[in-house]
Chemist: 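Encoded as structure tokens, here's the structure I'll be asking about.
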Amino acid sequence: MDNITVRGGVPRLKRLLMSLLLVSGAAISAWLAWQGEVSLLGAALIMPGLWALAGNRWSAWSVALVYYLVAGRGIPGGAVLFFGQGEDFGWLLLLCASLALSLPYALLWRCSPQAWRIILVMLLVSIPPVGIVGWANPLTSAGVIFPGTGWYGLLGTLVLILLIVRLPVAGPVVFIISLLVPQSIPVEPAGWMAMDTQYLLPSRKRDFVADAKRQLDLVGRLQSVDGHVVVLPETIAGRWSDASMFLWEGYAEEAANRGQTVIIGAELSGESGYRNVALELTPVGGKVLYEQLMPVPVGLWRPWDESSARPAWLRRQSAKVRGLDAAFLICYEQLLIWPPLVAMSSGPEVLVGMSNDWWARGTDIPDIQVSVMKAWAALFGTSLVYAVNR
């Protein structure tokens with residue numbers, strides 16, 4: 001009887017050790033890929049192979065869950081400032097999002113997963129509803145593996161994931177090869193520039209005096225900027241109104257006279273809630289160039305609250321700026337998959353990123369945003385302009 005117990009226990013112990021190794025590998029791949037260094041994004045491709053090696057559904061779920069938890073490790077610290085609540089609330093948000101993202105991996109896992117299963121997993125974690133929180137997607141690494149290849153590179157990365165699932169050792173090999181691939185470094189178009197800022201912009205609080213002071217300060221700073229196109233960060237102008245134009249109209253006329261285009265992040269009030277937009281400053285007001293497809297869930301987009309930000313969802317948008325076709329990505333949506341693909345579907349010549357990361361100071365989130373923007377620009381061979389308020 002004792003021998004039976006021992007024999008039964010050894011395979012169980014091996015399975016447990018194997019699960020621990022797989023989970024540890026998932027944590028390491030997430031930490032490497034999502035720390036803000038674009039050249040390391042290929043490490044994300046290791047995770048699908050670890051998922052395929054899992055000996056049971058719970059182990060497969062654990063691999064995916066730990067991967068997403070580690071990838072989003074900056075959220076709890078940032079949530080303290082963003083939501084004005086304790087770090088526990090941030091951990092709850094991260095756990096809920098990670099559970100949602102890991103669930104398709106659990107439901108579709110099999111001992112010998114067919115190709116269609118991992119394709120369906122990638123689809124489910126990339127598009128709404130799960131894709132609303134679909135950060136840390138392995139497909140993001142396409143820009144460092146197949147730079148300059150566009151949609152073919154994205155398809156090639158999906159094929160690599162299929163290979164890695166069938167042959168898990170290919171994951172680390174592909175990652176190592178990605179480190180050797182000459183990286184395409186996106187640059188700003190001639191005459192374009194981003195103006196970074198450092199302002200404290202508390203969420204969900206309207207301080208009209210502080211807004212006015214900040215905008216006047218921005219006007220003063222812009223007076224000494226010589227770029228043909230100047231991009232400012234997300235929501236830096238606050239809630240846009242006739243009063244805002246009163247502060248900006250003098251500079252708007254001056255900029256128009258010297259042929260300068262200024263793109264500002266602002267909020268536009270509507271019948272229900274508001275829109276997070278990129279505006280082109282003109283002497284007669286602000287011309288909307290882009291409406292954010294996906295504001296931060298819970299933080300800015302709250303479907304139950306009529307005063308929250310409103311998403312533009314899958315509406316393809318592009319704008320002609322100084323003769324160049326420009327696509328935009330605003331802050332949170334840079335971390336997802338479907339907003340960048342919607343943006344790039346217009347065939348832009350320049351990708352414009354606008355972020356407001358004051359709440360993420362001290363976390364990896366701002367650097368991760370920059371790395372994924374570089375990866376998307378590199379994949380599609382576009383120029384890149386990125387403005388951030390830290």
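The figures that follow rest on heavy atoms only: side chains count, while hydrogens, waters and symmetry mates do not.
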Chemist: Under 4.5 Å between side-chain heavy atoms, hopping through other hydrophobics if needed: is there a path connecting Met344 to Leu314?
Modeler: yes
Chemist: Under a 3.5 Å distance rule, please check whether Gln215 uses its side chain to pair with a backbone N or O of Ala237 as donor and acceptor.
Modeler: yes
Chemist: Can you name the closest pair of heavy atoms from Ala326 and Val352 and give their distance?
Modeler: CB-CG2, 4.4 Å
Chemist: Is there side-chain contact between Phe380 and Pro348, with heavy atoms separated by less than 4.5 Å?
Modeler: no
Chemist: Sub-3.5 Å donor-acceptor pair from the side chain of Gln317 to the main-chain atoms of Ala312, do we have one?
Modeler: no
Chemist: When you compare the side chain of Thr235 with that of Asn276, does any pair of heavy atoms fall below 4.5 Å?
Modeler: yes
Chemist: For the residue pair Tyr152 and Phe146, establish whether any side-chain heavy-atom pair is separated by less than 4.5 Å.
Modeler: no
Chemist: Of the non-hydrogen atoms in Ala378 and Gly143, which two are nearest, and what is the gap between them?
Modeler: CB-O, 3.9 Å
Chemist: Rounded to the nearest 0.5 Å, how far does CH2 of Trp31 lie from CG of Leu40?
Modeler: 8.5 Å
Chemist: Going by the angle between their ring planes, with limits at 30° and 60°, are Tyr251 and Trp248 parallel, tilted or perpendicular?
Modeler: perpendicular
Chemist: Can you tell me how far CZ of Arg110 sits from CD1 of Ile118, rounded to the nearest 0.5 angstrom?
Modeler: 13.0 Å
Chemist: Testing Leu222, Leu281, Leu279 for side-chain contact (heavy atoms from CB on, under 4.5 Å) with Leu232, which one passes?
Modeler: Leu222
Chemist: Can you list the steps and then say if Trp151 with Leu154 is a side chain to side chain contact (heavy atoms under 4.5 Å, CB included)?
Modeler: CA-CA 5 Å; Trp151 298 100; Leu154 190 67; 4.0 Å; yes
Chemist: Just how far is it from atom OG of Ser308 to atom OH of Tyr274, taken to the nearest 0.5 Å?
Modeler: 7.0 Å
Chemist: Find out whether Glu234 and Asn389 are in side-chain contact, i.e. whether some heavy atom of one side chain is under 4.5 Å from a heavy atom of the other.
Modeler: no
Chemist: Nearest heavy-atom pair of Gly286 and Trp240: which atoms, and what distance?
Modeler: N-NE1, 4.0 Å
Chemist: Of all the heavy-atom pairs spanning Leu384 and Ala377, show the shortest one and how long it is.
Modeler: CB-CB, 4.0 Å
Chemist: Between Glu333 and Pro339, is there a donor-acceptor pair closer than 3.5 Å when you use the side chain of the first and the backbone of the second?
Modeler: no
Chemist: Between Asp211 and Arg214, is there a salt bridge with N-O shorter than 4.0 Å?
Modeler: yes
Chemist: Are the side chains of Trp376 and Gln334 in contact, using a 4.5 Å heavy-atom criterion?
Modeler: no
Chemist: Return yes if some donor-acceptor pair links the side-chain N/O of Glu253 with the main-chain N/O of Pro283 below 3.5 Å, else return no.
Modeler: no
Chemist: With a 4.5 Å heavy-atom cut-off, do Pro233 and Arg390 have their side chains touching?
Modeler: no
Chemist: Report yes or no: does Arg316 contribute a side-chain atom to a donor-acceptor pair with the main-chain N or O of Ser345 at less than 3.5 Å?
Modeler: yes
Chemist: Once salt bridge (Lys or Arg N to Asp or Glu O under 4.0 Å) is applied, what residue pairs with a partner in residues 29-53 remain, sequence neighbours excluded?
Modeler: none
Chemist: Please find the pair of heavy atoms, one from Ser126 and one from Leu139, that lie closest to each other, and give the distance.
Modeler: OG-CD1, 4.2 Å
Chemist: Please determine whether residues Leu21 and Leu65 belong to a single hydrophobic cluster, defined as Ile, Leu, Val, Met, Phe, Trp and Tyr linked transitively by side-chain heavy-atom distances below 4.5 Å.
Modeler: no
Chemist: Checking the side chain of Arg275 only, and the main-chain atoms of Arg310 only, is there a donor and an acceptor separated by less than 3.5 Å?
Modeler: no
Chemist: Take atom CD in Gln198; do more than 12 heavy atoms of anything else shown fall under 6.0 Å from it?
Modeler: no
Chemist: What class does the angle between the rings of Trp313 and Trp338 fall in, given that below 30° is parallel, 30 to 60° is tilted and above 60° is perpendicular?
Modeler: parallel
Chemist: Rounded to the nearest 0.5 Å, what separates atom CG in Asp88 from atom CG in Leu95?
Modeler: 12.0 Å
Chemist: Ignoring hydrogens and geometry, is there a side-chain-to-backbone donor-acceptor pair from Glu349 to Leu324 under 3.5 Å?
Modeler: no
Chemist: Look at the side chain of Asn56 and the backbone N and O of Ser59, then say whether any donor-acceptor pair between them is shorter than 3.5 Å.
Modeler: yes
Chemist: Side chains of Ser318 and Asp325: is there a donor and an acceptor less than 3.5 Å apart?
Modeler: no
Chemist: Is there a side chain to side chain contact (heavy atoms under 4.5 Å, CB included) between Val165 and Arg117? Walk through the geometry before answering.
Modeler: CA-CA 10 Å; Val165 166; Arg117 291 184 180 275; over 6 Å; no
Chemist: Are Val169 and Ile177 in one and the same hydrophobic cluster, where Ile, Leu, Val, Met, Phe, Trp and Tyr link if side-chain heavy atoms are under 4.5 Å apart?
Modeler: no
Chemist: Take atom CD1 in Ile185; do more than 12 heavy atoms of anything else shown fall under 6.0 Å from it?
Modeler: no
Chemist: Is Lys374 close to Tyr386 at the side-chain level, that is, under 4.5 Å between some pair of heavy atoms?
Modeler: no
Chemist: Going from CG on Leu329 to CE on Met354, what distance comes out if it is rounded to the nearest 0.5 angstrom?
Modeler: 11.5 Å
Chemist: Side-chain heavy atoms under 4.5 angstrom apart, residues restricted to Ile, Leu, Val, Met, Phe, Trp, Tyr: same cluster for Val181 and Leu155?
Modeler: no
Chemist: State, to 0.1 Å, how close Leu124 and Val130 come at their nearest heavy-atom pair, and which atoms those are.
Modeler: O-CB, 3.2 Å
Chemist: For atom CG of Asp242, is the number of surrounding heavy atoms from other residues, nucleotides or ligands below 6.0 Å larger than 12?
Modeler: no
Chemist: Under 3.5 Å, is there a donor-acceptor pair between the side chain of Glu188 and the main chain of Val385?
Modeler: no
Chemist: Applying side chain to side chain contact (heavy atoms under 4.5 Å, CB included) to Leu41 and Trp34, what does each step give before you reach the verdict?
Modeler: CA-CA 7 Å; Leu41 283 174; Trp34 305 105; 3.6 Å; yes
Chemist: Tell me, do Val230 and Ile263 make a side-chain contact under 4.5 Å, heavy atoms counted?
Modeler: no
Chemist: Can we call the ring centroids of Trp135 and Tyr68 under 6.0 Å apart?
Modeler: no
Chemist: What is the distance from atom CG of Leu162 to atom CD1 of Ile119, rounded to the nearest 0.5 Å?
Modeler: 4.5 Å
Chemist: Taking atom types as modelled and ignoring hydrogens, do the side chains of Ser102 and Tyr67 form a donor-acceptor contact shorter than 3.5 angstrom?
Modeler: no
Chemist: The test is side chain to side chain contact (heavy atoms under 4.5 Å, CB included); show your working for Leu16 and Met18 and say whether it passes.
Modeler: CA-CA 5 Å; Leu16 177 60; Met18 182 63 173; over 6 Å; no
Chemist: With clusters defined by side-chain heavy atoms of hydrophobic residues (ILVMFWY) lying less than 4.5 Å apart, directly or transitively, does Leu247 cluster with Val277?
Modeler: yes
Chemist: Under 3.5 Å, side chain of Thr197 to main-chain N/O of Tyr199, donor-acceptor pair present?
Modeler: no
